[in-house]
Amino acid sequence: MASANEAVAGLLTEYAELLQITGGDPFRARNYQKAARSVGGWSGDITGLDVKALKAIPGVGTSIAAKIAEYNETGTIAALEDLRTKIPAGVRDLTKVPGLGPKRALLLSQQLDVHDIDALAEAVRAGKLDGLPGFGPKSEERILHGIEVYRQGHDRVLLDVALRIATTMVDHLKTLQETQRCTYAGSLRRWRETIGDVDILAAAEDSKPLMDAFSTFGDVIVSGPTKTSIRTGNNLQVDLRVVKLDAWGAALQYFTGSQAHNVATRQIAVRKKLKLSEYGLFDAETDELIVSRTEEEVYERLGLRWVPPAMREDRGEVEAAARGEIPQLVRVKDLNGDLHTHTNLTDGVASLEDMIAAAAGKGYEYYAVTDHAPNLVMQRMTDEKMLAQRERLRELAGTTSMTLLHGTELNIAPDGSVDWDEDFLAGFDVCVASVHSHFDQPRAEMTRRFIRACENPRVHIIGHPTTRRLGKRGPVEVDFGELFRAAARTGTALEINASPQRLDLPSEHIRAARDAGVKFAINSDAHSTVNLGNMPYGAGTAQRGWLTPDDVINTWPLERLRAFLRKIP
DNA sequence: GCCGTTTTCGGCCCGACTGTTTTCAGTCG
């Protein structure tokens, strides 16, 4: 089960969607959506808060606070239950079909008596859309296509997949003579953990050659002089927007988003009698262009510091930028080492020697090898193998300028214990401890399990704390507040696992953990030399959690790191 | 429904594209 904040955010989102379907004041629906985001990103726990306290959350006023308080007391929201009964079943599902919004989904549901996507597909194929007002032959085609897309894994793609596709297209577009600038923007530039569609921005006087070249990368969905959308072979939508070079900064700011961040910046513009669009920042009355060439100029003219893309989620960054308090975020180049990697002694694919050589190529000051411990039985680890690896690692120390650390990735048992006793663990320079089994323990047990691991004086880092696999397995149920307090109290770092399948600890928990006093380790969890290159995804995730280098132990110099790893005072 | 250093009422981000509706609504981002 999700946290109370997430649960309420989900209910408020549903309420907003139902309001959109019923029509009426669109600003009401928008407000519920805004409140949902706000509650979901609220660093405190809403459980037990009364109306007065709830109203301190931005976007939560008297009415929404009352609904949340009602949820706190009764576990339900009567107004939501009521709205659910008024809307035909399945309309919300129908709006999940791309191209089908709330209005037309409701109309189809009522006119055709269809309540799920399968029934809709059948009705369209049976020609039941004929004669419906507003639905022509193209509509049928679009809806059927939308249903196909929905079914073919409507899921978002992982960050590395999207980055690869975007980079290929950007590199190709840059080869065209007409292209003046080209980069990816959108959620990819913000390092969101998964990507729904890729936004590419280019500057050119004549957009047609770019649009033509871009169209060859997939099936064209829409195409005009400023925007072309395609769908690639692996079902990823990619949008190319072409602007004039003069508008580059405003366009980059606009298309990087998020939408919520853009709303917030535009509201600031409005208050200053300005108008912000992808074409520039204008005087609202005279329409005179003020600035548009760079993002920095646009933010500056709004009275804001430049906001790093990873922070642009309307989670307080606009207010921070107005106060001039944008943190110096941790960057990949700040990382002095990698503290969680595997070799072919367990499930890695590269040898110890190859992993060390590849890591040296990253310019690290230190590097830890942390193969799996014996309780992950399929890895067949033994004391002897581990000690032999340590010996070999010490021999290799003379071959590299990096300081080599011998470590292991321990398994946190259901009771919170780990693989080896204190004496054996004392032989390691660094111990990562992770949950690899019994993912469905009840919340209280799982929480005790993690806390006991933190309290182990030989455990330095909790690996991939939620154990989620993006798109495949959800997070374990744990009281994150308790976990964060335990990690801070015991001097145990939480990992930000940089694997694109994990990105764990997720960014939405990172700020709360940091506020609790937790330190972090950004680790590749590499099982190959190539995986050592996953660090940018971890750094991006850390940036989304507003972390600075000081928050991240593997940006520290070796001596400071060693002091942290001593843990026992 | 929320919000306020021009407002406790009257705003609320803004533009592109599509299809079919001869002037615009729906959808998307």
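A note on names: the letters A, B, ... follow the listed sequences, proteins ahead of strands, and every chain is numbered from 1. The figures here come from the full heavy-atom set of this structure, side chains too, leaving out hydrogens, waters and symmetry mates.
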Tell me the interatomic distance from [X], atom [atom1], to [N], atom [atom2], rounded to whole angstroms.
| X | N | atom1 | atom2 | result |
| --- | --- | --- | --- | --- |
| A/L132 | B/dG26 | CG | P | 14 Å |
| A/L129 | B/dG26 | CG | P | 16 Å |
| A/I195 | B/dG29 | CD1 | P | 13 Å |
| A/Q33 | B/dG29 | CD | P | 13 Å |
| A/L274 | B/dT6 | CG | P | 13 Å |
| A/K55 | B/dG4 | NZ | P | 12 Å |

With a 4.5 Å cut-off on side-chain heavy atoms, are A/T95 and A/L100 touching? no

Counting side-chain heavy atoms from CB outward, which of [options] is closest to [X]?
| X | options | answer |
| --- | --- | --- |
| A/V222 | B/dG1, B/dT18, B/dT27 | B/dT18 |
| A/S63 | B/dC2, B/dT20, B/dC17 | B/dC2 |
| A/Q237 | B/dC17, B/dG1, B/dG29 | B/dG29 |
| A/Q267 | B/dG1, B/dC17, B/dC12 | B/dC12 |
| A/R266 | B/dA16, B/dC14, B/dG29 | B/dC14 |
| A/D199 | B/dC13, B/dT27, B/dG29 | B/dG29 |
| A/K273 | B/dG1, B/dT6, B/dA16 | B/dT6 |
| A/N31 | B/dT27, B/dG1, B/dC13 | B/dG1 |
| A/P225 | B/dG29, B/dT18, B/dC17 | B/dC17 |
| A/R30 | B/dC13, B/dG1, B/dG15 | B/dC13 |

Gap between atom [atom2] of [Y] and atom [atom1] of [X] - 0.5 Å precision:
| X | Y | atom1 | atom2 | value |
| --- | --- | --- | --- | --- |
| A/S524 | A/E495 | OG | CD | 8.5 Å |
| A/L252 | A/R293 | CG | CZ | 13.5 Å |
| A/F480 | A/L505 | CZ | CG | 6.5 Å |

Tell me if B/dT7 is syn or anti. Syn = glycosidic torsion within 90° of 0, anti otherwise. syn

Tell me whether the side-chain N/O atoms of [X] come closer than 4.0 Å to OP1 or OP2 in [N].
| X | N | answer |
| --- | --- | --- |
| A/T62 | B/dC2 | no |
| A/Q259 | B/dG29 | no |
| A/S139 | B/dT20 | yes |

Checking only heavy atoms, does the side chain of A/Y254 share a donor-acceptor pair with the base of B/dG29 at less than 3.5 Å?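 It does, because a donor-acceptor pair links the side chain of A/Y254 to the base of B/dG29 below 3.5 Å.
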
Comparing A/V270 with A/I64, nearest DNA chain B nucleotide closer to 5' gives the residue A/I64

Between A/D25 and A/K275, which residue's closest nucleotide on DNA chain B lies nearer the 5′ terminus?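 Result: A/D25.
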
Under 4.0 angstrom, heavy atoms only, what part of the nucleic acid is [X] near: base, sugar-phosphate, or nothing?
| X | value |
| --- | --- |
| A/P98 | sugar-phosphate |
| A/P102 | sugar-phosphate |
| A/R28 | base |

With the threshold set at 4.0 Å, does a side-chain nitrogen-carboxylate oxygen contact exist between A/K273 and A/E285? no

Salt-bridged, A/E81 to A/R84, with N to O below 4.0 Å? yes

Going by purine N1 to pyrimidine N3 plus the second Watson-Crick contact, or the G-U wobble pair, all under 3.5 Å, which nucleotide sits opposite B/dT8? none

Would A/R511 count as a cation-pi partner of A/W546, with NZ or CZ less than 6.0 Å from the six-membered ring centre and within 45° of the ring normal?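 Geometry flag: set, cation within 6.0 Å and 45°.
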
